[in-house]
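Structure first, then comments.
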Amino acid sequence: MASLGGSSSSSTEYIVRVPKNTSKKYSIMAFNSGDKVNCSSWTQARMERDMSNRRMYGVEETEEGAAGSEFGKKQREEARRKKFGIVTREFKVEDQPWILKVNGKAGKRFKGTKKGGITENASYYIFTQCPDGAFEAFPVNGWYNFVPQAKHRTLTAEEAEEEWGRRNKVVNHFSIMLQRRLREQERGPDDDDEEGEKGGKKKKKKGGRGGDLRIHDLEDDLELSSDESDSSGGEDGDSKPKKKEGDVKGKVKKKKKKKRGSDSEANEDSDDGDFEGLEVDYMSDESSSEEEVGEEKAKSNKEAVPKGIDEASESEEESEEEKQNEEEGKEEEEEEEGKKTPVQTKKKRDSSGESDTSEDSDIDGEAASALFMKRTPPKRGGGRGSGGSSRTGSRPGTPSIDSASTSNTLRAAASKLEQGKRQVVGGSSESPAAKRLKMESSSTAVTTQSPAPSGKSTPQPPSGKSTPSSSDVQLTEEAVRRYLIRKPMTTKDLLKKFQTKRTGLSSEQTVNVLAQILKRLNPERKNVNDKMHFYLTE
Amino acid sequence: MSEKGEVDLTGAKQNTGVWLVKVPKYLSQQWAKASGRGEVGKLRIGKNQGKAEVEFTLNEDLTMIDSLGDKPSGVQAPRDHPFTMQTVGGQTLAVFTETQSGKEQISLEGLVVQRAECRPAVSENYMKLKRLQIEELSKPVRLSQQLEKAVTTNYKPVANHSYNLEYDRKKKEEGKRARVDKQQVLDMLFSAFEKHQYYNIKDLVDITKQPVSYLKEILRDIGIYNVKGTHKNTWELKPEYRHYQGGEEEEKETDD
């Protein structure tokens, strides 16, 4: 050590040594100056590594040997993880944080986390002065930042969120932690019994609060401390000082709890309401009572509709129908009576719409609304629908036929009305007649059809069919003679002249009568175009 | 002897003050080369017009820088290093040590009273040193090199791989698995099942060295085969043979 003198500078030299064989490893323990840590005030300190992270790296052994274990399971697990490329970082003890406890159990606690990267680009050395005046430099191995650990209870994140939402309502903030403690203690004995109820945790919380609620509501006198000591096992020390504040706290708690209760109730109410707007599958059994009525109706609708359905075209209509019915069923649950009519009109539209098109249904709806009130039309509609479907088997409601059927629609509507009137009076014999009517009209309009050519009888009054009616054309000898004089005709032509509709005779009768007439007349025959023509000369 | 975890607070009580100095990497490397007692240089602390000046001078013999590679670097480490003094404020720094060998004692050495940074005095030497460092760092880690001849030493065609030969020899030596007495096999099985509950058939064959069909016969007597569940296709003992609680040796019934 040499000291050099200088005019305005004085310096001393010291030798710097870097000891080689030191067994000690130096580390830095860094405290935040705000924590006001005074190391000299420490009487006693304990420090150990925090091993709580070990299980993340180590294998979680469920069973070692004997029951439940498999031969070679470890190796297999290891191989599997390698295959998937899972690389587990080794658990290095030197990198684990420190737990420092100062002044025993009641003192402070610190957690020191290692700061990384201090030895990467530069080295830190600790210079200490030795008794002989030289400096010794030791390299720093690690840097740990120590932070004080809170000893008081804190809320978890979820709890904190809840309390934050309630911050304007809660007057007494001290009781928040109190409640939490009580709940924990209540839960303590409960947990032993019901271990697997993790899903019910929240319920328990609520139930716990509800339980608290009940206890405190029933207890009119403010014997809260006694309750607390009952529920909170061994907290006798706390209950005594609490008794003093118990009065004030109790009242406030009651208010708060009532509010909480109302809150929870409100929540439950709104929970129920959440399901209102949902669309429920009809076939499910779990419908609420409110929706049952609507459901039944919808179901009945659904059942009635498939009877006469022409699948291809009507599926869309059906689904639309259902949805409409659904919504109706839900919203207008009270108006049962009034609902039936619109529903039924819709149904009617559906069934009739099969045979013709939707246009038909419109007219039907208008024309027959009065009739529908009597409820006879549904059955009829069903029956007719089925009949219509058999007839329209060859015509799956393609739009090309629309134009043709428009002419039908009016006639059909008219015939239906007629039918309706007639049904009031007559029996079921009318329906085939009406059918025939319809068929005839359609046969004239749509030539692509293969209509029943047999339909030729004239519309008959209910009285009788046998006698020829006083209509335009009569199948008499005179008439036949007139025709045959004018020009030669085949039998077919003659038949055409005397249509069943106009003569009122059935086709067979017409043929017989015509045959008789021809026998009597004995007209001359001529072959024109390979067809036998009759003619008369007068 | 103090127990593990107990911190020796003598340094804190004495309020030992230390300096925390940040030293450049090359300097610490040179210091590592020090011989003897570990003297590395001199530290001059002076007061110049009120300001404290600290300077460290590196010993002569430690100025030779070794460079990577064959040629000598010809670069010398700078010798003068003024210290930049800094305050400790904002943090309370304490120094603790752990003794590694056996005892594992933690002791608090002292508190940091002064922080400093060791800076090299800018000189020609330093610039050269820096250049050398940069050159070394800028070398790519991987190098592409063109080969003149194709590499033929890796995969040579072999009549039969040595590994295969060994395997065949081992197989021949072992021979076919011979059936031993059923009783013996049962004993082997029971001792195996004492260790683990579930076994793969292959593992059992390995353990017992019996032919598979024979082993399966025996297993069908005393064990059951798990198809579903967590233990995919494993054999385990029948419940009446099991006794896993406690794991003691039990006389298990064997019916022949």
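Chain A is the first sequence line, chain B the second, and so forth, proteins listed ahead of strands; every chain is numbered from 1.
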Do you know which of [options] has the most heavy-atom pairs with chain A at a distance under 4.5 angstrom?
| options | result |
| --- | --- |
| Leu111(B), Val95(B), Asp8(B), Val112(B) | Val95(B) |
| Lys13(B), Lys22(B), Glu236(B) | Lys22(B) |
| Gly41(B), Ala192(B), Ala12(B), Ala34(B) | Gly41(B) |

Just give me the residue among Pro19(A), Ser40(A), Ser27(A) that pairs up with chain B most often, heavy atom to heavy atom, under 4.5 Å.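 The answer is Ser27(A).
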Top contributor to chain B interface from Trp42(A), Tyr26(A), Tyr144(A) [non-hydrogen pairs under 4.5 Å]: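 With the most close heavy-atom pairs to chain B, the winner is Tyr26(A).
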Exercise. Are Val140(A) and Leu20(B) close enough, and set up right, to give a side-chain contact (heavy atoms from CB on, under 4.5 Å), and what steps lead you there?
Worked result: CA-CA 9 Å; Val140(A) 167; Leu20(B) 180 67; 4.1 Å; yes
Evaluation steps, side-chain contact (heavy atoms from CB on, under 4.5 Å), between Phe83(B) and Phe127(A): CA-CA 12 Å; Phe83(B) 274 23; Phe127(A) 279 48; 4.2 Å; yes
Quiz item: Are there residues of residues 30-37 of chain A that reach to under 4.5 Å of chain B by heavy atoms, and which ones?
Solution: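 At a heavy-atom separation under 4.5 Å, chain B is reached by Ala30(A), Phe31(A), Asn32(A), Ser33(A), Val37(A).
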Is the ring pair Trp98(A)/Phe96(B) parallel, tilted or perpendicular, if the boundaries are 30 and 60 degrees?
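Trp98(A) and Phe96(B): perpendicular rings.
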List for me each residue that meets salt bridge (Lys or Arg N to Asp or Glu O under 4.0 Å) alongside Lys216(B), sequence neighbours excluded, and say none if there are none.
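So Lys216(B) forms no salt bridge (Lys or Arg N to Asp or Glu O under 4.0 Å) with any residue.
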| request: Output all residues satisfying salt bridge (Lys or Arg N to Asp or Glu O under 4.0 Å) with Glu120(A), sequence neighbours left out; order by chain, then residue number. | output: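 Listed in chain order: nothing, the list is empty.
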### Task
Go through the atoms of Lys20(A) and report whether side chain, backbone, both or neither lie under 4.5 Å from a heavy atom of chain B.
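When you check distances to chain B, only side chain atoms of Lys20(A) fall under 4.5 Å.
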N/O donor-acceptor pairs under 3.5 Å from side chains in residues 113-121 of chain B, not counting sequence neighbours:
from, atom 1, to, atom 2, distance (Å)
Glu117(B), OE1, Arg119(B), NE, 3.4
Glu117(B), OE1, Arg119(B), NH2, 2.7
Glu117(B), OE2, Gln86(B), NE2, 3.1
Arg119(B), NH1, Thr84(B), OG1, 3.2

Check your understanding: Given a strict heavy-atom distance threshold of 4.5 Å, which part of Ile45(B) is in contact with chain A: side chain, backbone, both, or neither?
Key ->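 Both parts, heavy atoms under 4.5 Å.
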For this session: Using a cut-off of 6.0 Å, state whether more than 12 heavy atoms not belonging to Lys202(B) lie near its atom NZ.
Result: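 No, the 6.0 Å shell around NZ holds no more than 12 heavy atoms from other groups.
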Fill in: SB check Arg17(A) Glu39(B) (cutoff 4.0 Å)
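Glu39(B) and Arg17(A): not salt-bridged.
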